[in-house]
Amino acid sequence: MNEPVVRVQNLRKMYRGGAEALRDLSFEIARGETFALLGPNGAGKSTTIEILEGYRDRSGGEVSVLGVDPVRGGLDWKARLGIVLQNTGEAPTASVREQLQHFAGFYPNPRDVDEVIEAVGLTAKAKASIRKLSGGQRRRVDVALGIIGRPELLFLDEPTTGFDPEARRQFWDLIRRLQDEGTTILLTTHYLDEAAELSSRAGIVAGGVMAAIGPITELGGAEARVPIVRWREKGKVREERTDAPAALVAQLAATGEPEGLEVIRPSLEDIYLSFVGRDAAEVTA
Amino acid sequence: MIGILRKGVARSGYEIRHYFRQGDSLFFTFLFPLVMLLIFSVAFSQTTFGAPGEEISAAAYYLPGMVAAGVLLSGLQNMSIDIAMEKGDGTLKRLGGTPLSPVSYFIGKLGQVLVTGILQSALLIVVAVVAFGVELPDEPEKWVTFAWVFLLGVTTCALLGIALSAIPRSGRSATAVVIPIVLILQFVSGVYIAFSTLPEWLQNVASLFPLKWLAQGMRAVFLPDGFEVAEVGESWDLAGIAIVCGIWLVAGLVLARVTFRWIRKDG
């Protein structure tokens with residue numbers, strides 16, 4: 001029971017041709033936990049998740065998923081996983097209900113098809129061909145296919161891409177219900193609010209290593225959360241990090257009203273950016 | 001084991017529905033032999049084939065070749081393009097992440113090929129009879145021959161199709177790889193052009209491949225007995241059909257087993 005659902009130790013991945021996607025990655029996910037893997041495009045998030053799903057071989061390190069090395073994962077092992085890939089792929093001619101019914105048949109103990117359709121908000125489209133759905137609706141079908149088998153461990157690789165805000169809220173509710181049922185979840189996302197909303201812990205992957213890891217509220221350590229006091233002095237921006245911003249502000253105010261005074265408490269986004277670099281983050285935004 | 005079979009049968013139903021919902025495969029695989037039969041029957045409507053006293057119409061003469069071509073198209077062309085596309089568009093990747101056995105997947109494909117192949121042959125035969133008055137054999141042993149040649153042919157072609165699907169680098173290039181192979185085979189195997197009119201070296205090359213034998217088998221079923229003298233060695237050579245197709249069947253099975261992957265791994 002104390003065995004983590006996912007354990008990754010010193011994971012390394014070299015692509016043919018010598019490109020190094022992952023240098024040395026380690027993390028664990030406990031049963032029932034939702035762990036978010038954050039990082040810019042090309043940082044190796046999808047490579048990591050696909051190694052855990054058994055799609056890719058690794059070049060080094062140890063990986064255990066539900067107590068099994070994914071390289072040797074059989075059909076019984078796959079029956080305990082739910083996978084939402086980053087790419088939707090070509091839509092089949094089948095209707096939403098046909099597709100879910102068909103996939104439900106692969107699993108020993110699937111969820112009720114209509115309940116899943118309802119949970120992803122596609123009840124009105126249940127009889128429509130998946131080809132005729134919008135991008136965001138197709139993505140919801142992906143999520144539905146990922147959870148139809150009642151997985152113990154759910155992989156969500158950028159699940160909400162193409163969702164409108166309402167669909168995203170609905171998706172968050174769905175994930176919370178899965179969490180209540182005890183589902184362990186590995187999530188990658190570009191939306192930091194989503195990571196903060198859904199996950200208990202997160203890791204930031206940058207340059208093929210885990211740049212930071214920990215509970216969302218402590219990510220980056222106390223150091224990264226020290227408030228910043230910013231003001232202008234003789235036209236130049238001054239910045240100081242301090243645990244006692246009020247005292248510093250009082251000190252500044254003693255000699256007159258400081259120009260452009262701000263007290264900034266680093267958000268998850270600020271912390272994230274400090275780890276991956278502003279340039280990389282702008283590309284992904 | 002029973003689960004794998006049951007899922008395979010469920011997969012067949014899903015595949016067959018998908019097949020008939022796709023316009024392009026319906027035309028280029030399912031209806032193509034029928035279109036060719038119509039063209040030949042109309043173009044040569046004034047011509048008769050065969051020795052005096054045993055003349056038959058163009059429709060009767062071309063029917064066996066078109067049935068054989070249908071077996072090749074429904075089996076090899078449909079299967080290889082379909083799987084290569086599914087590999088390219090992410091369908092196989094998705095299935096590879098579920099507890100569906102590859103065996104169930106293939107049972108599904110074979111079921112689809114079998115059902116669509118049977119419907120295609122039935123359609124060809126019905127149109128030949130109804131529209132062109134072609135007379136069908138009434139000896140039961142000819143229909144037994146039809147049954148085993150058809151089943152052996154369709155299974156062999158389907159397995160070779162699975163093996164062939166490993167060659168195209170992408171779903172989009174699948175048609176470019178497969179169609180020329182299929183088209184050339186049809187021209188040199190006695191489907192469109194009478195086999196006996198080909199130069200001997202070309203006959204020898206074509207005899208290495210299963211389509212020549214399938215066409216020969218279908219001629220044995222549908223042409224009057226007097227046509228047997230026009231064959232190589234003046235015989236339908238049913239044993240030869242069984243041997244050559246049997247070898248390709250085993251080769252196809254081994255190749256399919258060795259080459260098939262849910263996804264192209266990057267090493």
Side-chain angles (χ1 to χ4, degrees), chain A residues 13-19 21 47 49-59 70-71 73-95 98-99 101-110 129-131 141-142 145-146 148-149 151 154-155 157, chain B residues 1-26 81-109 111-112 116 169-172 174 261-267:
Chain A
K13 174 70 185 174
M14 301 267 292
Y15 281 113
R16 217 177 274 160
T47 302
I49 214 167
E50 291 200 347
I51 289 171
L52 299 185
E53 289 161 347
Y55 283 120
R56 291 177 192 275
D57 298 330
R58 58 182 186 270
S59 314
V71 175
L75 299 182
D76 293 342
W77 175 75
K78 285 184 188 175
R80 299 162 68 195
L81 302 179
I83 297 177
V84 177
L85 294 165
Q86 192 178 111
N87 293 317
T88 301
E90 177 78 9
T93 51
S95 74
E98 281 173 342
Q99 185 76 349
Q101 227 143 28
H102 182 59
F103 274 69
F106 301 165
Y107 295 88
N109 181 26
S129 163
I130 299 175
R131 286 218 169 149
V141 176
D142 289 341
L145 290 172
I148 190 74
L154 177 61
F155 293 103
D157 199 354
Chain B
M1 198 54 227
I2 290 168
I4 287 178
L5 198 65
R6 189 178 47 77
K7 287 175 194 175
V9 172
R11 191 81 203 145
S12 284
Y14 178 88
E15 295 268 12
I16 292 164
R17 273 199 300 274
H18 181 66
Y19 180 93
F20 284 107
R21 282 171 180 167
Q22 278 189 311
D24 47 356
S25 73
L26 204 57
I81 293 179
D82 207 27
I83 296 178
M85 296 283 244
E86 288 188 353
K87 206 173 275 189
D89 69 23
T91 304
L92 291 195
K93 188 172 185 180
R94 191 192 286 281
L95 290 176
T98 73
L100 181 74
S101 160
V103 178
S104 303
Y105 172 75
F106 285 123
I107 292 173
K109 287 286 180 205
Q112 183 227 65
T116 58
R169 299 293 301 172
S170 71
R172 253 171 301 165
R261 295 281 178 279
W262 284 126
I263 60 164
R264 245 179 233 286
K265 280 209 180 177
D266 47 19

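Residue numbering restarts at 1 for every chain, and letters A, B, ... go by the order of the sequence lines.
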Comparing B:G88, B:G96, B:G13 against chain A, the one with the most heavy-atom pairs below 4.5 Å turns out to be B:G96
Mark yes or no for whether B:Y14, through its side chain, and A:A94, through its backbone, hold a donor-acceptor pair below 3.5 Å.
-> no
Answer with side chain, backbone, both or neither: which region of A:E50 has an atom nearer than 4.5 Å to a non-hydrogen atom of chain B?
-> side chain
Do A:E53 and B:K93 sit within salt-bridge range, that is, some charged N less than 4.0 Å from a carboxylate O?
-> no
From CD (A:Q99) to NE2 (B:H18), nearest 0.5 Å = 9.5 Å
Part of A:D142 within contact of chain B (heavy atom distance under 4.5 Å) = both
More than 12 heavy atoms of other residues, nucleotides or ligands under 6.0 Å from CZ of B:R21: is that the case?
-> yes
Taking the side chain as C-beta and beyond, is there a heavy-atom pair between B:L100 and A:F103 under 4.5 Å?
-> no
Least distance between heavy atoms, B:P99 atom then A:F106 atom | CG-O, 3.4 Å
Please report the closest heavy-atom contact between B:R94 and A:L145, naming both atoms and the distance.
-> NH1-CD1, 3.3 Å
Does A:E98 reach the side chain of B:R17, with side-chain heavy atoms less than 4.5 Å apart?
-> yes
